[in-house]
Amino acid sequence: MAKSRQSSFRRILLTRILLVFVPVLLIGEIVALNKARNSLLKTAKQNLTESAVMKGEKIADAIATLKTSLLIISKTQVIQSALPTETEEFLTKISQQLPTKIDCIQLKNVQTSKIVASSCDGKPIGEENSFVPSQGVDIKVVLPPKLGTTGTRDAKNQLQLLLTAPVYDKGGKLLYSLSLQSALYQQTANKPGSLTGSMVVIAEDGTILAHPSPERVGSNIQEDSNATQLQNTIKNAAIGETGSTNLSFKEGKELVGGYTAISNPLQQESPQKWIVLAVTTTDSALFGLEEIKLILIVLTVGLIGASLLASLYLAPYLANPVEELRDYALNIYSHHTAQPVPHNFKIREFNQLAQALDQMVERLKAWAEELESAWKEAKTANQVKSQFLATTSHELRNPLNIIINCVRLVHDGLCDNREEEMEFLKRADETAIHLLGIINDLLDISKIEAGKLSVVTEPLDLRKLLLEVINIQSVNVQQRGLQLKTDLGSEQIPVKADAAKLKQVLINVIGNATKFTEQGSITIACEMQSTNDQSQVLIHVTDTGMGIDPAQQHKLFRPFVMVDGASTRKIEGTGLGLAISRNLIELMKGSITLTSAGLNQGTTVTIALPLIDISLLSPSEDKGNLEEIEIPTTDEVKSEVNGYDNLQAEPLLNPTEIEDSSATEIDDTEDKLPLLENTGQLTLLTPQSIFSTISAGEACANSTAGER
């Protein structure tokens with residue numbers, strides 16, 4: 001059951017999608033608005049700068065046109081004749097035809113200062129004592145009257161010019177002055193979003209000549225709160241730069257404008273310049289921003305709604321498979337266990353998860369079965385260990401009883417003669433050696449379980465070592481009346497192994513084959529094999545003994561394990577031989593396996609060791625012939641190896657004199673027998689321990705392995 005503070009996957013999925021999606025949309029909207037605002041401002045400034053340049057060019061062109069027109073008019077015959085009616089009609093007609101807005105054109109007598117003709121109903125223009133140039137055209141700026149003085153202000157035609165030209169008669173006498181008053185630029189109301197801007201003209205000395213606010217015309221920028229910025233703009237324009245700037249002519253109202261500079265049209269030779277600005281409000285420059293903002297808001301709300309709908313759709317789509325898998329996992333050990341894992345989802349990952357869960361359940365079932373099997377095996381192992389303790393105690397108690405009884409008989413003087421005493425002492429000695437072998441095996445298995453058993457490998461000739469072992473074990477084979485067959489080849493077999501430990505393994509394997517074979521033969525053969533670019537030699541020890549049930553074969557390499565049965569229990573032992581042999585062979589990078597077709601069908605033990613380069617071997621003696629070997633009698637073997645001073649028995653036969661290409665049946669009625677007869681048979685061994693009751697020859701053989 002879910003805890004109260006925990007949330008469901010469906011709810012978490014829904015809230016996480018919204019918590020991630022909504023902030024992203026809002027941040028995106030803010031970024032988009034900022035980008036749009038900056039882009040609109042940049043575009044507006046570029047347009048206003050271009051508009052300022054165009055306005056400046058129009059002012060210069062208009063003044064030049066007025067000057068030229070005024071000079072032409074002053075030299076016409078009508079003006080020079082100064083007939084009032086004709087002149088007035090002519091001036092009216094001219095004022096209407098000129099492209100620039102003309103407020104008034106008048107012809108004035110210089111001597112009497114009377115108006116001869118005018119296009120504005122005789123209304124005087126200019127000052128009372130206007131200057132009349134002798135040549136060319138005189139231009140003056142007509143500023144509106146200052147606040148507090150008389151005069152009218154023209155809210156539309158703010159930048160007005162007064163142009164005056166002399167009129168001479170045919171004799172070249174100055175008679176009249178022709179004056180023209182014109183609105184150089186007419187301010188018009190800009191439409192919302194227009195980027196042409198209102199014109200502002202500022203002289204280089206700071207005098208405002210034209211301005212959207214009529215009351216500012218004629219004032220100086222020093223009176224403005226934003227004077228510093230305007231001065232910087234004038235300086236930049238005066239040196240020939242064009243650009244844009246932010247202004248604030250009106251309180252609380254931000255303006256943006258483009259600027260440029262033109263030469264002073266009143267005085268062509270003057271270095272002074274006029275600064276022409278095209279100004280508009282920031283709101284006008286950002287006129288389209290409100291629409292963009294509205295679109296973004298609608299889009300954001302729509303996307304949030306779409307994300308909500310998508311979340312509501314995706315939540316069950318993603319949560320249903322998880323919930324089904326959860327329900328299955330929660331009920332996996334209930335009565336629903338037999339139900340299959342939910343699958344066939346529309347999402348591949350969930351199908352893979354269901355498949356993985358199914359595989360996990362199968363593995364858990366397999367592991368449960370393995371655990372149950374391991375528990376049973378552990379229970380069986382406990383029983384085997386108990387049986388091993390009983391067997392080992394029996395194996396130790398019997399030799400000790402024999403030793404004690406033999407020593408007491410001699411000690412108490414119950415023997416009839418010296419020969420009988422020596423016989424009892426000899427038996428005690430042989431039994432002590434046998435007991436030592438059992439204890440050595442127990443020490444070896446304890447080292448194996450502690451991981452302290454080690455080997456010292458060196459290059460050696462496996463064929464020579466096999467001949468030594470065969471020489472030692474031949475007496476036991478002879479005593480049991482068995483045939484010994486070998487097929488070892490005639491060449492050296494180079495391997496890298498621990499000679500003492502390998503000899504121990506071979507003695508154990510051949511000894512087991514001897515013990516568990518009542519009649520027939522024992523075959524020892526070598527086979528070369530190459531697999532995966534690796535060469536190895538296989539030693540096959542095959543007997544014709546009682547064999548092993550295939551169902552029991554996997555147990556034989558475990559410590560303390562022997563196959564139970566009347567046939568095997570007739571031969572005593574602790575069941576450690578094959579376990580020790582397997583660990584020793586594995587430490588030498590080899591392997592040991594056992595195969596048997598079944599009971600009474602013989603056994604084959606195969607030992608595999610990797611081959612090495614034959615050049616690593618030291619030079620060996622010439623090989624002899626196996627047929628020339630003489631097998632000593634049992635008594636000779638006993639007398640050779642008996643006693644504690646010589647536990648490391650020497651081989652009774654010279655291995656170099658053995659020729660394994662033939663084999664001869666061993667007759668236990670003879671003391672010396674030729675061995676071996678030709679055979680191609682290989683390997684085998686029964687899982688009998690080397691600690692079973694052994695003859696003096698066996699005791700000697702076991703002692704040759706030393707500390708194993």
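These numbers come from a predicted model, not from an experiment. Below, each value reflects all heavy atoms present in this structure, side chains not excepted, and no hydrogens, waters or symmetry copies.
- Rounded to the nearest 0.5 Å, atoms CG (L296) and CG (L26) are 11.5 Å apart.
- Atom-to-atom distance recorded for L303:CG and L308:CG is 12.5 Å, nearest 0.5 angstrom.
- For the pair N34 and V31, the minimum side-chain heavy-atom distance is 4.5 Å or more.
- When every heavy atom of I115 is checked against every heavy atom of S118, the shortest pair comes out as CG2-CB, 4.0 Å.
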Would L209 and W274 count as a side chain to side chain contact (heavy atoms under 4.5 Å, CB included) if you check the C-alpha gap in whole Å, the side-chain angles of each, and the deciding distance to 0.1 Å? CA-CA 9 Å; L209 303 177; W274 284 5; 3.4 Å; yes
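- I275 and A238 make their closest contact through CD1-N, 4.3 Å (heavy atoms, listed as atom of the first residue, atom of the second, distance).
- If you take CD on E88 and CD1 on I105, they are separated by 12.0 Å, rounding to the nearest 0.5 Å.
- Using a 4.5 Å heavy-atom threshold, the side chains of K58 and D61 count as separate.
- Using modelled atom types, one side-chain atom of N220 and one backbone atom of D205 make a donor-acceptor pair closer than 3.5 Å.
- A distance of 9.5 Å separates NZ of K293 from CG of L286, quoted to the nearest 0.5 Å.
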Can you check side chain to side chain contact (heavy atoms under 4.5 Å, CB included) on I221 and I208, steps first, answer last? CA-CA 7 Å; I221 61 172; I208 300 176; 4.1 Å; yes
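- Within the 4.5 Å cutoff, no side-chain heavy atoms of T207 are placed close to those of I202.
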Start with the C-alpha distance between K67 and I139, add both sets of side-chain angles, then the distance that settles side chain to side chain contact (heavy atoms under 4.5 Å, CB included), and finish with yes or no. CA-CA 9 Å; K67 288 174 64 177; I139 306 176; 3.3 Å; yes
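- You'll find the side chain of L48 stays beyond 4.5 Å of the side chain of V279, heavy atoms only.
- What you find for I102 and L66 is that their closest heavy atoms are CD1-CD2, 3.6 Å.
- Between L163 and L178 there is no side-chain heavy-atom pair separated by less than 4.5 Å.
- Checking side-chain atoms of T43 against main-chain N and O of S39 turns up a donor-acceptor pair under 3.5 Å.
- Side-chain contact between V116 and Y176 is present, with at least one heavy-atom pair separated by less than 4.5 Å.
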Evaluate L353 against L325 for side chain to side chain contact (heavy atoms under 4.5 Å, CB included), listing each step before the verdict. CA-CA 9 Å; L353 179 62; L325 294 174; 3.5 Å; yes
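- No more than 12 heavy atoms of other residues, nucleotides or ligands shown are found within 6.0 angstrom of CD on E86.
- Using a 4.5 Å cut-off on side-chain heavy atoms (C-beta onward), T164 and L162 make contact.
- No hydrogens or angles considered: nothing links the side chains of S179 and Q106 as a donor-acceptor pair under 3.5 Å.
- Without hydrogens or angle criteria, T233 side chain to Q229 main chain gives a donor-acceptor distance under 3.5 Å.
- Within a 6.0 Å radius of CE in M360, other residues, nucleotides and ligands contribute more than 12 heavy atoms.
- Residues Q231 and Q222 bring a donor and an acceptor atom of their side chains to less than 3.5 Å of each other.
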Does the pair S119 and T92 meet the rule for a side-chain hydrogen bond (donor to acceptor under 3.5 Å, both in side chains), with working shown? CA-CA 5 Å; S119 64; T92 302; 5.4 Å; no
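- Between P610 and Q534, the shortest heavy-atom contact is CB-NE2, 4.2 Å.
- Between S51 and K55, some side-chain heavy-atom pair lies under the 4.5 Å cut-off.
- Remark: the T281 side chain and the E254 side chain contain no N/O donor-acceptor pair separated by less than 3.5 Å.
- Judged purely by atom type and a 3.5 angstrom limit, D358 has no side-chain atom pairing as donor or acceptor with the backbone of A354.
- In this structure, NZ in K114 is found 14.5 Å from CG in L107, a value given to the nearest 0.5 Å.
- When every heavy atom of K273 is checked against every heavy atom of A261, the shortest pair comes out as CD-CB, 4.2 Å.
- Closest approach of T49 and Y259 over heavy atoms only: CG2-O, 4.3 Å.
- Between S530 atom OG and Q536 atom CD the span is 8.5 Å, to the nearest 0.5 Å.
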